[in-house]
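Worksheet for the structure shown next.
All chains are named by letter (A, B, ...) in the order of the sequence lines, taking the proteins before the strands, and each is independently numbered beginning at 1.
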Protein chains: 2
Amino acid sequence: MAVTQRRFDPERRDRIISAALDVIAEAGVAGASHRKIAARADVPLGSMTYHFTGMDEVLREAFTRFAATIAVRFEARMAQATTFDEARAAVVDLIHEDLTGSARELVLTQELYTLAAREPVYRKITHAWMKQSRDALVRHFDPATCRMLDALIEGLSLHAALDTEEHHRAATAEAVARITTPAATHH
Amino acid sequence: MAVTQRRFDPERRDRIISAALDVIAEAGVAGASHRKIAARADVPLGSMTYHFTGMDEVLREAFTRFAATIAVRFEARMAQATTFDEARAAVVDLIHEDLTGSARELVLTQELYTLAAREPVYRKITHAWMKQSRDALVRHFDPATCRMLDALIEGLSLHAALDTEEHHRAATAEAVARITTPAATHH
DNA sequence: AGCCGTTGTGTACGATCGTACGCATGACCG
DNA sequence: CGGTCATGCGTACGATCGTACACAACGGCT
């Protein structure tokens, strides 16, 4: 019956990972089960244990892909900028366009951080993500500033996403301007 | 005989909430169950449904208490400062002493944020927390700066906690100095 | 063409979950 | 001092979970 196409289906594994991200976005890591993910990916339950050693492996691969996706967009956004001012503007765009809009991405990011807070394995993923972000920034700013700016982006995005009142671009731009301006040395 | 004191035992409810925080810190919201929490609090399973309508209520009260605890410490730290420079130093201390050290608090914070990212009910808790933090800052900085500084604190704490390499106080101090120094106006 | 081994699937089991509900227990009042 | 009723507990049930394992389905080799 033209049905199964069982051997050599590399797409199956990918579909499971995508489905896992969907399920996690909707129900959280807490609510993600082999059964739900299998149903969402339209694969039999047995496929889960066949393709993955356990839920941990699914989560690790899912979040690795997720982090890579976001990081690539981050890099693309920063690569467009050529001048210092454009770089600053790009950061503001990044916070307001990319990192704030989607509830799905906010949720997935937080789920990942929660895992990373508890288990070092997931921290590798966040660490790679952070490094990739800083590498995208270092073309425009000095290394020390990159760290501060990266942290500021993180905080502003999170607060903008969780806060009820709207955050204005002007305020973000001001914050970015400040953090990228060396303070007068004093002692 | 002063023993069981079944009626009017307000301590029981509190113990359950404390136990819930312990369990969540260890096993995450995902791994927290009525049974585990009851066992940890040394109360019968039936007490869970008796004192709370469901897990949601337990989580809400637990995280409300947690957020209040952290916020109070935040306020205490900031209240010690009298001058502008002391306030800046207090912020640096806050990041390095209070917010980075404990794995338990990192985990609980992230678990809360994850819930807040998905459900508005929990966002009320984070919102109140953020407001309380900003109120503690506003004695020393202007409102706009408070928002930026609050976001910076969030980002720096998170990155310091998740990053493998050590973050130095000097870098934090520099970031705080920058964010609390108005940028030269330009247009 | 027909066997064979790899690849993938269906199912059944034991554990654990939240919740409902009947009953013990002790406080309070007459 | 004893009856009554709100308070709190033990237990049992149905649902859902991850996983093991027997077996179906096919490509390749002779």
Side-chain angles (χ1 to χ4, degrees), chain A residues 1-63 111 114-115 118-119 121-122, chain B residues 1-63 111 114-115 118-119 121-122:
Chain A
M1 323 274 161
V3 190
T4 49
Q5 211 196 37
R6 304 167 76 205
R7 287 185 75 155
F8 191 63
D9 182 5
E11 200 188 338
R12 208 179 256 347
R13 201 164 198 281
D14 280 358
R15 273 225 315 286
I16 292 176
I17 295 174
S18 298
L21 284 175
D22 288 345
V23 171
I24 293 166
E26 283 176 13
V29 169
S33 68
H34 284 192
R35 283 175 165 83
K36 281 185 193 164
I37 295 171
R40 171 66 79 115
D42 197 34
V43 299
L45 173 60
S47 289
M48 298 301 296
T49 52
Y50 179 74
H51 288 288
F52 303 90
T53 63
M55 187 64 100
D56 272 354
E57 192 175 328
V58 179
L59 293 181
R60 249 180 291 131
E61 297 214 22
F63 281 117
E111 294 280 359
T114 300
L115 291 174
R118 199 184 320 277
E119 293 176 45
V121 185
Y122 296 95
Chain B
M1 277 336 55
V3 188
T4 51
Q5 223 190 30
R6 304 174 67 201
R7 287 183 75 157
F8 190 61
D9 180 6
E11 199 189 339
R12 207 181 258 349
R13 216 182 132 87
D14 279 359
R15 273 225 317 286
I16 292 175
I17 295 175
S18 298
L21 283 175
D22 288 344
V23 171
I24 293 166
E26 283 176 13
V29 169
S33 68
H34 284 191
R35 283 175 166 83
K36 281 185 194 166
I37 295 172
R40 171 66 78 115
D42 197 35
V43 299
L45 173 60
S47 289
M48 298 302 294
T49 50
Y50 180 76
H51 287 290
F52 303 89
T53 64
M55 187 64 101
D56 272 354
E57 193 176 328
V58 179
L59 293 180
R60 249 179 292 130
E61 298 214 21
F63 280 117
E111 293 279 359
T114 300
L115 290 174
R118 198 184 321 277
E119 293 176 44
V121 185
Y122 296 94

Quick one, B:Val29 and B:Phe63 - any side-chain contact, counting heavy atoms below 4.5 Å? yes
Take atom OH of A:Tyr50 and atom P of C:dT9, then tell me their distance rounded to the nearest Å. 9 Å
Given side chains that start at C-beta, do those of B:Ile16 and B:Glu61 come closer than 4.5 Å, heavy atoms only? no
Which residues pass the salt bridge (Lys or Arg N to Asp or Glu O under 4.0 Å) test with B:Glu57, sequence neighbours left out? B:Arg13
Whole-Å distance, A:Ile16 CD1 to C:dG8 C1', equals 11 Å
Can you run down the side chain to side chain donor-acceptor pair (under 3.5 Å) pairs that involve residues 23-34 of chain B, sequence neighbours left out, and say none if there aren't any? B:Glu26-B:Arg40
Indicate the atoms forming the closest heavy-atom contact of A:Ser47 with A:Arg12, along with that distance. OG-CD, 4.3 Å
Please confirm whether the shortest side-chain N or O distance from A:Arg13 to OP1 or OP2 of C:dT7 is below 4.0 Å. no
Short side-chain N/O contact to C:dT9 OP1/OP2 from A:Ser47, under 4.0 Å: yes
Write down the protein N/O and nucleotide N/O pairs, taken from nucleotides 15-22 of chain C, whose separation is under 3.5 Å; answer none if there are no such pairs.
residue, atom, partner, partner atom, Å
C:dC17, OP1, B:Ser33, OG, 3.3
C:dG18, OP1, B:His34, N, 3.2
C:dG18, OP2, B:His34, N, 3.0
C:dG18, N7, B:Arg35, NH1, 2.6
C:dG18, O6, B:Arg35, NH2, 3.1

Beyond-backbone contact of A:Phe52 with A:Leu59, side-chain heavy atoms, under 4.5 angstrom: no
